[in-house]
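Both counts, for ligands and for their atoms, begin at 1 and track the order of listing.
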Amino acid sequence: SKKHKVCIVGSGNWGTTIAKVVAENTQQHGDVFEPEVQMWVFEEEYQIPKDSKHASTELASKPQKLTELINTLHENVKYLPDIPLPKNIIANPDLASAVHDATILVFNLPHQFIGRICDQLKGKIVPYARGISCIKGLEVSDKGCQLFSDSIGAKLGIYCGALSGANIATEVAQEKFSETTVAYEPPSMDSQHPTPSGTPGGSPHGSHLDLTQLDGQIQRPTRGSQKQRLMALPAEYPPLHHTNMTKLFHRPYFHVHLINDVAGVSLGGALKNIVALAAGFVDGLGWGDNAKAAVMRVGIVEEVKFGKTFFGDSVRTATFTEESCGVADLITSCSGGRNFRCAKMAVKEGKGIGEIEARELNGQKLQGTSTAYEVHEFLRSEGKEGEFPLFTAVWRILEGEKRPEDVPDMINVEARKA
Ligand code: NAD
Ligand code: 13P
């Protein structure tokens, strides 16, 4: 029988960390997965810095391809320095060859790049592949506001779940204890490989099952449920039910909690990036922990409200209040996340956040600034800016219309009612 082949699409700070987690698990669970993990890398030349522990090697004499550095040193020297990677991770600059025959695609790259990558993936993946999106962001277009798990699923014609949690990448990479939330509602045929007529077995090439009688239509892309024609996994693969999905991500230092609320998981990860900017703004003023806590309180209220208003009743409040992807991610992101740190520095130094991002992050990308603009555009199109005062305040500060000092008044609901 066949084993699942895994490809990580992306290789930044979190992409490389998840590749490490997954590669440890594919080694351990050889009954379900092929050990080798392909990691697609957006190729670039990289000069090993003089203070690196690799500075005395030949590789440091001139800029090298990042894929060659990763495959030789077993370390992503640019985006995850000083973390040894399992040797079964293969860095690959060619997207089509990285995903070739992969039955599990883990999408993990800054959200602004995923649309173009999906366009390039069309026709290159096996039609019965399953996806997991680790991306924290939302896709806003004239169609509305979509989860990346849904938009990836729709563009590629596959089922795609989501992984998100209180997961500062470096801590996970250093194997410091963390929890995460995975939302994966396995298509019903994945547990037992039924044929369209309902008898077990299935064609080795996969078989189409219309789960929804919608014949391939996406019902309303903003709803967080994927209604589409999916192809069953061929029978020779191990089923991709909750147990096997958990085996892919769970480590002794990285505990997975599986739930079904895909929209809640994705929204917590996307929206907390806006809140983390607000927390950075007030911290940058030298205000105390009470100010930051106030921003976080309003932030979680707006996260839940956004979910309930735009993604319907399937979004559970408990996903935000009880799971790692909700309140815990908000706390960690407002303590040590990049959005928080850069927003704080921007206020302290009186500089633009883009300038701080370029100076401090060595090519890593903030997700909160573009998400604040995207969410604002969506709220404006829905006529609901006023109902989300914190999200709107962050946008107004980024636009230069308001100052961080104005945050208390902007989120003071009582004063706004008066
Ligand atoms: P990152 O911030 O390290 O971004 C750098 C990556 O972007 C590199 O791999 C680079 O090659 C790639 N890139 C640059 N230009 C590109 C282009 N034109 N096309 C494609 N790729 C390009 O990325 P990350 O930290 O891996 O973040 C990925 C996702 O994971 C984000 O949505 C982020 O919010 C989320 N996340 C990050 C962390 C974290 O601590 N870093 C934790 C949890 C979730
Ligand atoms: P930043 O992108 O702000 O670093 O947040 C990381 C994160 O998502 C932690 O869970």
Side-chain angles (χ1 to χ4, degrees), residues 8-21 39-46 65-67 69-70 76-81 83 91 93 95 98 106-121 132-139 147-149 152 162-174 176 178-181 254 265-266 268-280 323-344 353 356-358 360-372 374:
I8 314 293
V9 180
S11 54
N13 192 231
W14 186 225
T16 309
T17 301
I18 278 292
K20 173 181 178 292
V21 166
M39 179 172 79
W40 173 71
V41 175
F42 180 73
E43 188 69 290
E44 62 185 286
E45 297 262 314
Y46 183 67
K65 288 197 165 75
L66 185 57
T67 45
L69 290 171
I70 296 172
N76 188 339
V77 282
K78 176 157 185 193
Y79 294 106
L80 193 64
I83 302 291
L95 188 60
V106 180
F107 297 92
N108 198 329
L109 68 169
H111 77 280
Q112 54 268 47
F113 305 129
I114 185 66
R116 202 177 48 83
I117 296 302
C118 281
D119 292 342
Q120 291 176 40
L121 282 175
I132 289 277
S133 165
C134 304
I135 298 163
K136 291 182 177 175
L138 291 168
E139 182 162 304
L147 310 175
F148 277 109
S149 46
I152 292 167
L163 178 152
S164 186
N167 299 147
I168 295 204
T170 318
E171 293 181 20
V172 177
Q174 291 169 344
K176 293 177 177 168
S178 308
E179 297 179 309
T180 203
T181 318
F254 190 60
V265 168
S266 306
L271 298 173
K272 64 82 189 172
N273 285 329
I274 307 177
V275 186
L277 291 178
E323 300 294 340
S324 180
C325 60
V327 64
D329 195 9
L330 190 78
I331 293 168
T332 204
S333 297
C334 293
S335 309
R338 299 169 297 185
N339 287 287
F340 168 74
R341 287 188 282 114
C342 290
K344 180 175 174 169
I353 193 163
I356 302 286
E357 176 184 16
E360 292 293 320
L361 295 186
N362 195 27
Q364 294 180 34
K365 306 284 180 202
L366 291 183
Q367 302 286 271
T369 38
S370 43
T371 302
E374 287 148 2

**Request:** List the steps, then state whether side chain to side chain donor-acceptor pair (under 3.5 Å) holds for T371 with N273.
**Result:** CA-CA 8 Å; T371 302; N273 285 329; 5.1 Å; no
**Message:** Less than 4.5 Å apart, side chain to side chain, heavy atoms only: is that true for N76 and I83?
**Reply:** no
**Asked** Does N13 use its side chain to pair, donor to acceptor, with the backbone of Y79 at less than 3.5 Å?
**Response** yes
**Request:** Can you sort out which atoms of ligand 1 are near A169, meaning under 4.0 Å from one of its heavy atoms?
**Result:** 39 (C), 40 (O), 41 (N)
**Asked** Any idea which atoms of ligand 2 are less than 4.0 Å away from a heavy-atom of G337?
**Response** 3 (O), 4 (O)
**Asked** Which ligand 1 atoms does I135 reach within 4.0 Å, using its non-hydrogen atoms?
**Response** 32 (O)
**Request:** Pick out which of I132, L163, I8, L121 makes a side-chain contact (heavy atoms from CB on, under 4.5 Å) with F107.
**Result:** L121
**Asked** Has ligand 2 got any nitrogen or oxygen that is less than 3.5 angstrom from a nitrogen or oxygen of A166?
**Response** no
**Message:** Below 3.5 Å, N or O to N or O, backbone or side chain included: is there any such pair between N273 and ligand 1?
**Reply:** no
**Prompt:** Nearest protein heavy atom to atom 1 (P) of ligand 2, by residue and atom, and its distance?
**Reply:** R338 N, 3.4 Å
**Request:** Just let me know how Q367 lines up against ligand 1, side chain, backbone, both or neither, with a heavy-atom cut-off below 4.0 Å.
**Result:** side chain
**Prompt:** What protein heavy atom is closest to atom 3 (O) of ligand 2, reported as residue, atom name and distance in Å?
**Reply:** N339 ND2, 2.7 Å
**Message:** For atom 41 (N) of ligand 1, what is the closest protein heavy atom, and at what distance to 0.1 Å?
**Reply:** N13 OD1, 3.0 Å
**Message:** So does F254 get a backbone contact from the side chain of S178, meaning a donor-acceptor N/O pair under 3.5 Å?
**Reply:** no
**Request:** Check C134 against ligand 1 and report side chain, backbone, both or neither, counting heavy atoms closer than 4.0 Å.
**Result:** backbone
**Complete:** Smallest heavy-atom separation, K365 atom then P110 atom, equals CG-CG, 3.8 Å
**Request:** Under 4.0 Å from a heavy atom of G15: give me the atoms of ligand 1 that qualify, with their elements.
**Result:** 26 (O)
**Asked** Taking only heavy atoms of G165, which atoms of ligand 2 are found under 4.0 Å from at least one of them?
**Response** 10 (O)
**Request:** Among all protein heavy atoms, pick the one closest to atom 11 (O) of ligand 1 and tell me residue, atom and distance.
**Result:** F42 CB, 3.5 Å
**Request:** Give the numbers and elements of all ligand 1 atoms closer than 4.0 Å to a heavy atom of N167.
**Result:** 40 (O), 42 (C), 43 (C)
**Message:** Do the side chains of K65 and E44 get close enough for a salt bridge, i.e. N-O under 4.0 angstrom?
**Reply:** no
**Message:** What's the separation between atom CH2 in W40 and atom OG in S11, rounded to the nearest 0.5 Å?
**Reply:** 7.0 Å
**Request:** Take L147 and E139, measure what side-chain contact (heavy atoms from CB on, under 4.5 Å) needs, and give me the verdict at the end.
**Result:** CA-CA 6 Å; L147 310 175; E139 182 162 304; over 6 Å; no
**Request:** Give the residue and atom name of whichever protein heavy atom lies nearest to atom 30 (O) of ligand 1, and the separation in Å to one decimal.
**Result:** W14 CD1, 3.2 Å
**Message:** Main chain of A276, side chain of N339: is a donor-acceptor contact present, judged purely on distance under 3.5 Å?
**Reply:** no
**Prompt:** Do L277 and I353 come within less than 4.5 Å of each other through their side chains, counting heavy atoms only?
**Reply:** yes
**Asked** Is ligand 2 under 4.0 Å from a heavy atom in the side chain of D329, in the backbone, in both, or in neither?
**Response** side chain
**Asked** For ligand 1, is there an atom lying under 4.0 Å from some heavy atom of K78?
**Response** no
**Asked** Which ligand 2 atoms are under 4.0 Å away from a heavy-atom of N167?
**Response** 9 (C), 10 (O)
**Prompt:** Closer than 4.0 angstrom: is that true for some heavy atom of S333 and an atom of ligand 2?
**Reply:** yes
**Message:** Using a 4.0 Å cutoff against the non-hydrogen atoms of I168, which atoms of ligand 1 qualify?
**Reply:** 40 (O)
**Message:** Give me the residue, atom name and distance of the protein heavy atom closest to atom 10 (C) of ligand 1.
**Reply:** Y79 OH, 3.5 Å
**Message:** Return the closest protein heavy atom for atom 19 (N) of ligand 1 as residue, atom name and distance.
**Reply:** R116 NH2, 3.1 Å
**Proximal ligand 1 atoms for N108, defined as those under 4.0 Å from one of its heavy atoms** = 26 (O), 28 (C), 29 (C), 30 (O)
**Message:** Strictly distance-based, threshold 3.5 Å: is any side-chain N or O of Q367 a donor or acceptor partner for the main-chain N or O of H111?
**Reply:** yes
**Request:** Before signing off on this row, confirm whether W40 and ligand 1 have an N or O atom pair separated by under 3.5 Å.
**Result:** no
**Message:** Tell me whether S149 contacts the main-chain N or O of A162 through its side chain, where contact means a donor paired with an acceptor under 3.5 Å.
**Reply:** no
**Value rounded to 0.5 Å, distance of NZ in K78 from OG1 in T16** = 11.5 Å
**Message:** Would you say that T180 contacts V172 through its side chain, given a criterion of any heavy-atom pair below 4.5 Å between the two side chains?
**Reply:** no
**Asked** Got the closest protein heavy atom to atom 6 (C) of ligand 2, with its distance?
**Response** K272 NZ, 3.8 Å
**Fill in**
When rounded to the nearest 0.5 Å, the distance separating CG of L366 from CZ of R341 is 9.0 Å
**Prompt:** What do the steps show when you test M39 against I70 for side-chain contact (heavy atoms from CB on, under 4.5 Å), and what is the final call?
**Reply:** CA-CA 10 Å; M39 179 172 79; I70 296 172; 4.0 Å; yes
**For atom 21 (N) of ligand 1, the protein heavy atom that lies nearest, with its residue and separation** = F113 CD1, 3.5 Å
**Contact with ligand 2 for K136, non-hydrogen, under 4.0 angstrom** = yes
**Message:** To check your reading of the model: name the closest protein heavy atom to atom 9 (O) of ligand 1, its residue, and the distance in Å.
**Reply:** G12 N, 3.1 Å
**Message:** Would P110 count as a contact residue for ligand 1, given that I'm defining contact as a non-hydrogen atom of the residue lying under 4.0 Å from a ligand atom?
**Reply:** yes
**Item:** Distance-only N or O hit between ligand 1 and K365, under 3.5 Å
**Value:** yes
